[in-house]
Number of protein chains: 2
Amino acid sequence: MLAKSSTELVRQKNSVLVLTALRRHGPLAHTELSDFTKLSSATISVITTDLERAQIIEKAEHQTASGRGRPRVLFSQRRNCGYLIVVIISSDAVQYSLVDYAGRLIDRFTEDRQQTVSNVASFVRGLRDALNRIVVRSRLSRDKIMMISISSKGLVESSEPVLRWSPIFGREQIDFAAVLRDEWSAKVILDNETLLVAAAVGRLEENKKGRDFRALAALSLGHSIGLGVVRRGDEGKLQISAPNFGHMLHMPGGGLCRCGSRGCIEAYAGFYAILRTAFDVPLDTIPAKFVPVAELDKIATSARQGSRRNIHAFRQAGLALGYGLSRVLSLHESMPIAITGPGTRYYDLLLEGISEGLAESHVVRMEGMPELRVMADEPTLVFEGHLNRALAMMDDDIVRSGVAVAELNEQTV
Amino acid sequence: MLAKSSTELVRQKNSVLVLTALRRHGPLAHTELSDFTKLSSATISVITTDLERAQIIEKAEHQTASGRGRPRVLFSQRRNCGYLIVVIISSDAVQYSLVDYAGRLIDRFTEDRQQTVSNVASFVRGLRDALNRIVVRSRLSRDKIMMISISSKGLVESSEPVLRWSPIFGREQIDFAAVLRDEWSAKVILDNETLLVAAAVGRLEENKKGRDFRALAALSLGHSIGLGVVRRGDEGKLQISAPNFGHMLHMPGGGLCRCGSRGCIEAYAGFYAILRTAFDVPLDTIPAKFVPVAELDKIATSARQGSRRNIHAFRQAGLALGYGLSRVLSLHESMPIAITGPGTRYYDLLLEGISEGLAESHVVRMEGMPELRVMADEPTLVFEGHLNRALAMMDDDIVRSGVAVAELNEQTV
DNA sequence: GATTTTTTTCTCGACAGTCGAGAAATTTAG
DNA sequence: CTAAATTTCTCGACTGTCGAGAAAAAAATC
């Protein structure tokens, strides 16, 4: 059964409300906070002084005197309240970013991964080194890092930061919490990359449409195929999930996939799969680990010039996606689909197959063709998603622990 | 953005907590309520006296003096606080049940639907008549009916009580809210039948395993195919959804389905589809509206005696289900599957195909074969599901409106 | 039968939270 | 220098939950 409610919980929730308003709209004055949160002015006063005393927010130094009347004082997060490290693992590199509590990027570097060595042990060594490096370089104390937010393609455990399966490491699991526990007190979270894209796009949509926004799917096309779904939950919150779409069954007994199964969607729509179809390689060939985009570009231009076989390859890929998407829509509800990733450059070639695949299903016949839209800049969306999720979690954690602790400190002073 | 929190909301939530405990465990004493809800004794006192004054709960007449000490006084719902009508629409009949606030069945009757006439207008007339009849027969005042909970197979709008598509009425939609608005002030809700099965089974599982329960799918086999999914949500609540599983795409360009599309799962695993395969009827034959179970029984016994063709028919059905389920598990997570409905009598014949279909997918290779379990008594589960959902909603509504109103009445006295 | 023990329920004061209204602060306009 | 405008702060009222102990009521004991 559900937990009981209490007055302290009320305060916690309303404090988080204030912090979220600050995240969404940047520095805000007392009055604006009251407007956004619908809390009374008196309550805002109490909460802000609490948060200020707890060193979580601060009043802006110079207030812009705009218009007459008593000048507003803007509240904003204290940047040094805590820090976040974002780790984005992609097939050929790992990007590390250090971000402060206000969401400002402080430091960033990218480490290339050697494609030959996809050894978990060496990857973990690299991860540890890089994390150490970024924190040393910043001259921050280690325990100021409150959260490490990691993303990868592949299958992620929902409750713990465990990578169950990934295109890079296969079935070699990585438990990031276990790996980092001894060196870091920070909370470690792990999300599927396309889930973060969905989170970011969902946020954008909600900003635009407000409560009218119902649901959206983000489809990432590349060497592997990812899907993230955002839907409005029962209580109005947005709920995000990352279906294992790339390895959903497309064709029983079909082409061999990188995952070892047969007939996955990825085995028809992933870059290596398109290549395989284009070159008429037998479907049970062990797929290439990595396909240079230039290779695929060649096939695409030849397809655009009329090459039957290459057109067919993209069409097959599109069909696999279309059928798969139709199944997703059956299982959830009809929703717009935002397409990202390097594969969007072949959108013109894929579209026909996608549409045809979608069109056959009962949902689409009922609800009509869902809106398809291309969103080019996937890396930015992934990073946005990281910030959205991780910083919101930090707000939550800080309110739960921070205020109480800080007030205890106050008392002893 | 989320709504703000307030002390009144706290009281509401905790009141609901008390009512839910009463639902779950039957009549409870002050002490037990305190134990179950983790609320302090003092709070329980305040809440119970409030609810009692608002005529929502009452103290039991005769308290059983068991053991020494001050005897417990048991609280229970006031039966006449409000009533619920449950309407279960199935392919050949509609069942009406009148239930009081404590969940006790007061009256029930079943109306046969003529299979020839599947006319929405006449159905609606029948519905209105039957609802009137059940309330007149009970001698209750019309406005004592607080809720009408309807279920059907098919596709249901999630936010409104609108039947979008059903095996009975096809694409002729029914907006039950609109239909009943003029005669009834009661809240009208509509759920997919298998969703209710899932809700009921999920409740049972949670009672057994508590917080360890993660997720479960209920699969209903019959003339049509239904699926309900229960999963534990972010905040620990159980979330229920009814994917449009029967009409998820199984085989592109495949057999013609009752819905008019081709290749739906139902077009391979529904009763009419099994018949079609068994008799080698062309796959684009317009499917029979209704198949007597005796017909299918014959095919089954012949299959059990070794008839190749009939074994094949059930195997095809099993495969369609297995592939479909594998896709559901890909899209959510691996979870046990509870199988209900009249089709369970052919479980022995279907199992091989189901298992084979499941086994091919990436999820099952990763997580192992999900637990399959047969739950025979579907009608009971559907009714249980109705009660679970509708009465919980009534608790919620009553607390939100009832307490305040009743207290106003008090003041005027 | 009176007293003690045990168990349950009720009550009181302390403390935490939100809110509306109006006071206080502070700048611009005239 | 005063009035108007605007924002922030403060006070008292109200509603919550909680812990501790009083009150109630039956069984056990002397």
Side-chain angles (χ1 to χ4, degrees), chain A residues 3-18 27-54 57-60 62-75 399-400 403-404 407-408 410-411, chain B residues 3-18 27-54 57-60 62-75 399-400 403-404 407-408 410-411:
Chain A
K4 67 179 176 181
S5 219
S6 66
T7 49
E8 283 108 41
L9 257 178
V10 169
R11 166 57 63 87
Q12 268 184 32
K13 284 199 177 166
N14 287 340
S15 299
V16 169
L17 219 56
V18 167
L28 294 179
H30 184 108
T31 333
E32 298 166 307
L33 282 174
S34 174
D35 286 352
F36 282 127
T37 61
K38 316 283 180 206
L39 291 167
S40 77
S41 163
T43 306
I44 294 293
S45 273
V46 183
I47 289 179
T48 48
T49 51
D50 262 26
L51 290 175
E52 210 183 346
R53 201 170 40 210
I57 63 174
E58 62 189 357
K59 287 178 177 154
H62 61 101
Q63 44 263 30
T64 52
S66 60
R68 68 174 165 186
R70 181 172 171 172
R72 303 179 155 188
V73 293
L74 298 180
F75 291 98
V399 164
R400 243 202 312 276
V403 180
E407 279 181 357
L408 274 180
E410 280 288 311
Q411 282 172 17
Chain B
K4 69 178 177 183
S5 219
S6 67
T7 50
E8 283 107 41
L9 256 178
V10 169
R11 163 58 61 87
Q12 267 185 31
K13 282 199 178 168
N14 287 341
S15 299
V16 169
L17 219 55
V18 167
L28 294 178
H30 184 109
T31 335
E32 298 165 309
L33 281 175
S34 173
D35 286 352
F36 281 127
T37 60
K38 314 285 180 204
L39 291 167
S40 77
S41 165
T43 306
I44 294 293
S45 273
V46 183
I47 290 179
T48 49
T49 51
D50 262 25
L51 290 175
E52 210 182 345
R53 201 171 38 210
I57 63 174
E58 62 190 355
K59 287 178 176 154
H62 61 100
Q63 43 263 31
T64 51
S66 61
R68 70 172 162 185
R70 180 171 174 174
R72 303 179 155 190
V73 293
L74 297 180
F75 290 99
V399 164
R400 243 203 311 275
V403 179
E407 279 179 359
L408 273 181
E410 279 288 311
Q411 283 172 17

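By convention in this document, chain letters (A, B, ...) are assigned in the order of the sequence lines, proteins followed by strands, and residues within each chain are numbered from 1.
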[X] side-chain proximity, nearest of [options]:
X: A:Val10; options: D:dT17, D:dA25, C:dG17; result: C:dG17
X: B:Glu8; options: D:dT15, C:dT7, D:dT17; result: D:dT15
X: B:Ser45; options: D:dT8, C:dC10, C:dG17; result: C:dC10
X: B:Ala42; options: C:dT9, D:dT10, D:dC18; result: D:dC18
X: A:Ile47; options: D:dG16, D:dA20, C:dT18; result: C:dT18
X: A:Arg72; options: C:dA16, D:dA25, D:dT8; result: D:dT8

Closest approach of B:Ala29 to B:Leu74 (non-hydrogen atoms, all atoms of both residues):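 Answer, listing the atom of B:Ala29 first, then B:Leu74: N-CD2, 3.6 Å.
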Considering all heavy atoms, the nearest B:Val18-B:Ile44 contact: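 In this case the closest contact between B:Val18 and B:Ile44 is CG2-CD1, 4.2 Å.
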Position toward the 5' end of DNA chain C (nearest nucleotide), A:Thr43 or A:Arg70: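 Here A:Thr43 is the residue nearer the 5' end.
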D:dT17 OP1/OP2 closer than 4.0 Å to side-chain N/O of B:Asn14: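 Yes, within the criterion.
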Residue-phosphate contact under 4.0 Å: B:Ser6 side-chain N/O, C:dT18 OP1/OP2: no
Heavy atoms, side chains only, cut-off 4.5 Å: are [X] and [Y] in contact?
X: A:Ile57; Y: A:Thr48; answer: yes
X: A:Lys59; Y: A:Phe75; answer: yes
X: B:Arg11; Y: B:Val46; answer: yes

Let me know the distance between [atom1] of [X] and [atom2] of [N], rounded to the nearest Å.
X: A:Gln12; N: C:dA16; atom1: CD; atom2: C1'; value: 13 Å
X: B:Lys38; N: D:dT17; atom1: NZ; atom2: C1'; value: 17 Å
X: A:Arg11; N: C:dG17; atom1: CZ; atom2: C1'; value: 6 Å
X: B:Asp50; N: C:dC10; atom1: CG; atom2: C1'; value: 15 Å
X: B:Leu51; N: D:dG16; atom1: CG; atom2: P; value: 12 Å
X: B:His30; N: D:dC18; atom1: NE2; atom2: C1'; value: 12 Å
X: A:Glu52; N: D:dT8; atom1: CD; atom2: P; value: 12 Å
X: A:Leu9; N: C:dT18; atom1: CG; atom2: C1'; value: 15 Å

Is [X] touching bases, backbone alone, or none of the nucleic acid, heavy atoms closer than 4.0 Å?
X: A:Lys59; answer: sugar-phosphate
X: A:Ser40; answer: base
X: B:Ile44; answer: nothing
X: A:Thr31; answer: sugar-phosphate

Side chain B:Ser34, main chain B:His30, donor-acceptor under 3.5 Å: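 Pair absent, no side-chain N/O of B:Ser34 close to backbone of B:His30.
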Comparing B:Leu39 and A:Val46 on DNA chain D - which has the more 5′ nearest nucleotide: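 Taking each residue's closest nucleotide, the earlier one in sequence belongs to A:Val46.
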Presence of donor-acceptor pair under 3.5 Å, side chain of A:Ser41 and base of C:dC19: no
